[in-house]
Amino acid sequence: MDRGWGFLIGLLGAVWLLTSGHEEQQPPETAAQRCFCQVSGYLDDCTCDVETIDRFNNYRLFPRLQKLLESDYFRYYKVNLKRPCPFWNDISQCGRRDCAVKPCQSDEVPDGIKSASYKYSEEANNLIEECEQAERLGAVDESLSEETQKAVLQWTKHDDSSDNFCEADDIQSPDAEYVDLLLNPERYTGYKGPDAWKIWNVIYEENCFKPQAIKRPLNPLASGQGKSEENTFYSWLEGLCVEKRAFYRLISGLHASINVHLSARYLLQETWLEKKWGHNITEFQQRFDGILTEGEGPRRLKNLYFLYLIELRALSKVLPFFERPDFQLFTGNKIQDEENKMLLLEILHEIKSFPLHFDENSFFAGDKKEAHKLKEDFRLHFRNISRIMDCVGCFKCRLWGKLQTQGLGTALKILFSEKLIANMPESGPSYEFHLTRQEIVSLFNAFGRISTSVKELENFRNLLQSIH
Ligand SMILES: *[C@@H]1O[C@H](CO)[C@@H](O)[C@H](O)[C@H]1NC(C)=O
Ligand SMILES: *[C@@H]1O[C@H](CO)[C@@H](O)[C@H](O)[C@H]1NC(C)=O
């Protein structure tokens with residue numbers, strides 16, 4: 001365990017240094033600089049810099065990872081989207097609005113009829129439209145081909161949930177269903193406003209190791225926050241021990257990544273013929289521009305890189321598990337399964353070769369007992385966050401939220417299990433360390449999301465440059 005901690009703390013320390021050192025630059029000029037100028041350059045204590053990460057990810061990793069994630073093993077994720085929210089009464093986006101009208105269930109009613117009968121006021125009508133749009137865009141397409149349905153029946157899973165960071169989704173439940181992730185891309189759904197706010201607020205508020213004394217909202221996106229309060233917030237954050245700070249930064253990175261996707265696959269235009277999805281620069285700027293966000297945006301982007309490095313590190317550490325001869329990416333198609341395993345190993349070797357050289361030991365802090373306690377704290381908070389995902393009102397957002405928290409939870413499990421992985425037998429079953437199919441699928445898809453975000457940042461950088 002301690003090596004896992006030593007590494008984690010080292011990584012956190014290093015990344016923290018890198019992100020706290022660049023705050024005093026001149027106010028940036030162009031739109032691109034306002035989002036990105038603080039997110040560049042060398043990362044202290046590490047032989048790499050943001051540009052190296054970008055190049056490594058965008059040209060070497062991303063294309064291969066995309067290919068892997070399109071394979072049958074990785075595109076079908078079993079998930080129970082029908083679990084009730086354990087924390088408060090589940091009020092869906094539409095329930096919150098004019099319930100009596102029930103506009104969201106009425107797929108069968110032709111659009112023309114609906115708009116005519118509900119047109120009692122302009123405002124109500126707008127609400128209904130907004131609500132319908134959110135419901136429609138947020139819906140999960142659960143269709144699977146017959147062939148796939150047969151195949152998934154064969155997929156064996158031997159679950160062992162002893163050391164899980166996430167609430168094991170009851171995938172045995174009749175409510176759990178396979179979802180085709182390729183049919184349900186993460187993109188703009190119209191799910192925003194108070195409901196979405198509430199989720200993120202609860203995640204930050206309840207689970208980021210907030211000390212009793214802190215009164216102001218932890219969610220840095222919360223409105224009505226002045227400059228001095230912001231400084232209080234960051235000095236509070238700096239006062240936390242490095243691991244707890246890291247927890248906050250992982251959540252913030254996840255939040256940032258999701259917002260990059262929503263901005264990159266925004267519903268730009270909708271006609272009866274087609275929907276057009278694409279980059280919405282305004283949306284991106286509202287979330288990441290240094291001036292518009294009072295300095296928050298660049299910090300969020302740095303947290304995204306931080307999350308990237310953590311997941312990248314976990315993948316490099318877990319290579320021995322996948323290298324064992326009896327590990328298969330089982331779907332029943334022997335040739336394809338072997339090809340996919342080769343591709344997976346190629347990707348993991350590539351990741352391992354990434355020049356991320358931290359001096360892990362010099363950052364080691366705390367004794368064994370303390371490390372154990374922190375691991376347990378992390379685990380409990382993380383499980384909690386995965387349960388909060390059951391409260392997300394929009395199904396598609398719930399799907400990707402669950403998948404990404406489970407993926408990050410799996411990455412943390414790996415980092416905390418370094419010794420167990422190192423001691424794994426080369427063949428035969430590994431009882432000490434095991435990953436279930438669910439964990440493997442979520443780990444790679446979650447990393448795929450962050451990898452896509454990093455790639456999208458390049459696109460946004462180019463787009464922002466082109467408008468000036
Ligand atoms: C882009 O997003 C903004 C909100 O940030 C919205 O007002 C605008 O209509 C969007 N643009 C397009 C073309 O959809
Ligand atoms: C989990 O989240 C709930 C709801 O926000 C909160 O009441 C509870 O204190 C949290 N528990 C932990 C261990 O974080």
Side-chain angles (χ1 to χ4, degrees), residues 28 30-39 93-94 96-97 104 111 115 122-139 184-201 204 217 219-225 252-301 303-304 392-394 396-397 400-401 449 452-468:
T30 71
Q33 281 171 338
R34 273 162 48 175
C35 293
F36 290 107
C37 101
Q38 293 172 50
V39 193
Q93 279 249 327
C94 302
R96 202 173 50 78
R97 302 214 168 111
C104 297
D111 284 337
S115 46
E122 187 82 89
E123 195 188 355
N125 199 48
N126 285 344
L127 280 181
I128 291 163
E129 268 172 27
E130 217 179 287
C131 174
E132 282 179 333
Q133 192 196 26
E135 182 92 337
R136 226 164 353 97
L137 300 178
N184 292 285
E186 185 184 27
R187 63 186 175 198
Y188 179 79
T189 61
Y191 179 64
K192 45 182 170 184
D195 285 338
W197 274 107
K198 185 171 173 189
I199 300 284
W200 282 108
N201 275 331
Y204 284 108
N219 182 351
L221 278 159
S223 54
Q225 128 191 6
S252 166
L254 195 60
H255 195 174
S257 173
I258 289 172
N259 284 333
V260 170
H261 290 294
L262 304 190
S263 312
R265 306 192 73 170
Y266 197 95
L267 182 60
L268 295 175
Q269 206 179 27
E270 187 175 20
T271 65
W272 60 275
L273 207 58
E274 57 164 8
K275 290 199 188 78
K276 207 168 145 246
W277 306 86
H279 295 86
N280 182 329
I281 301 177
T282 316
E283 180 82 12
F284 182 84
Q285 284 175 309
Q286 279 179 5
R287 295 173 186 278
F288 298 108
D289 182 290
I291 292 170
L292 295 180
T293 61
E294 299 193 344
E296 263 306 319
R299 283 194 186 99
R300 290 176 195 148
L301 292 180
N303 290 341
L304 193 150
V392 175
C394 143
K396 197 178 276 175
C397 317
W400 285 101
R449 296 282 77 208
T452 307
S453 289
V454 169
K455 171 89 178 141
E456 284 297 351
L457 289 184
E458 182 181 59
N459 295 336
F460 275 115
R461 193 182 280 124
N462 292 337
L463 284 168
L464 284 166
Q465 266 155 8
S466 72
I467 61 171
H468 274 266

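Side-chain atoms are counted along with the backbone in the values below, which use heavy atoms only and exclude waters and symmetry mates. Ligands are counted one by one from 1 in listed order, and the atoms in each one are counted from 1 as well.
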At less than 3.5 Å, what protein N or O atoms come close to the N or O atoms of ligand 1? Include the distances to 0.1 Å.
residue, atom, partner, partner atom, Å
ligand 1, 2 (O), Asn280, OD1, 3.3
ligand 1, 2 (O), Asn280, ND2, 2.3
ligand 1, 5 (O), Glu283, OE1, 2.7
ligand 1, 5 (O), Gln286, OE1, 3.1
ligand 1, 11 (N), Asn280, ND2, 3.0

Residues in ring-ring contact (aromatic ring centres under 6.0 Å, His included) contact with His279, at least two apart in sequence or another chain:
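Listed in chain order: Phe460.
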Salt-bridge present (Glu458, Arg461; N to O < 4.0 Å)
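Salt bridge flag = no for Arg461 with Glu458.
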Who are the side chain to side chain donor-acceptor pair (under 3.5 Å) partners of Ser453, not counting sequence neighbours?
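Partners of Ser453 by the side chain to side chain donor-acceptor pair (under 3.5 Å) criterion, ordered by chain and then number, come out as Ser257, His261.
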Is there side-chain contact between Asn259 and Arg300, with at least one heavy-atom pair below 4.5 Å?
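Not touching, per the 4.5 Å side-chain cut-off.
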Any side-chain heavy atom of Leu262 sitting closer than 4.5 Å to one from Glu283?
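No, every pair of side-chain atoms sits at 4.5 Å or beyond.
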Suppose we screen for salt bridge (Lys or Arg N to Asp or Glu O under 4.0 Å). Which residues come up paired with Arg449, at least two apart in sequence or across chains?
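Salt bridge (Lys or Arg N to Asp or Glu O under 4.0 Å) list for Arg449, sorted by chain: Glu186.
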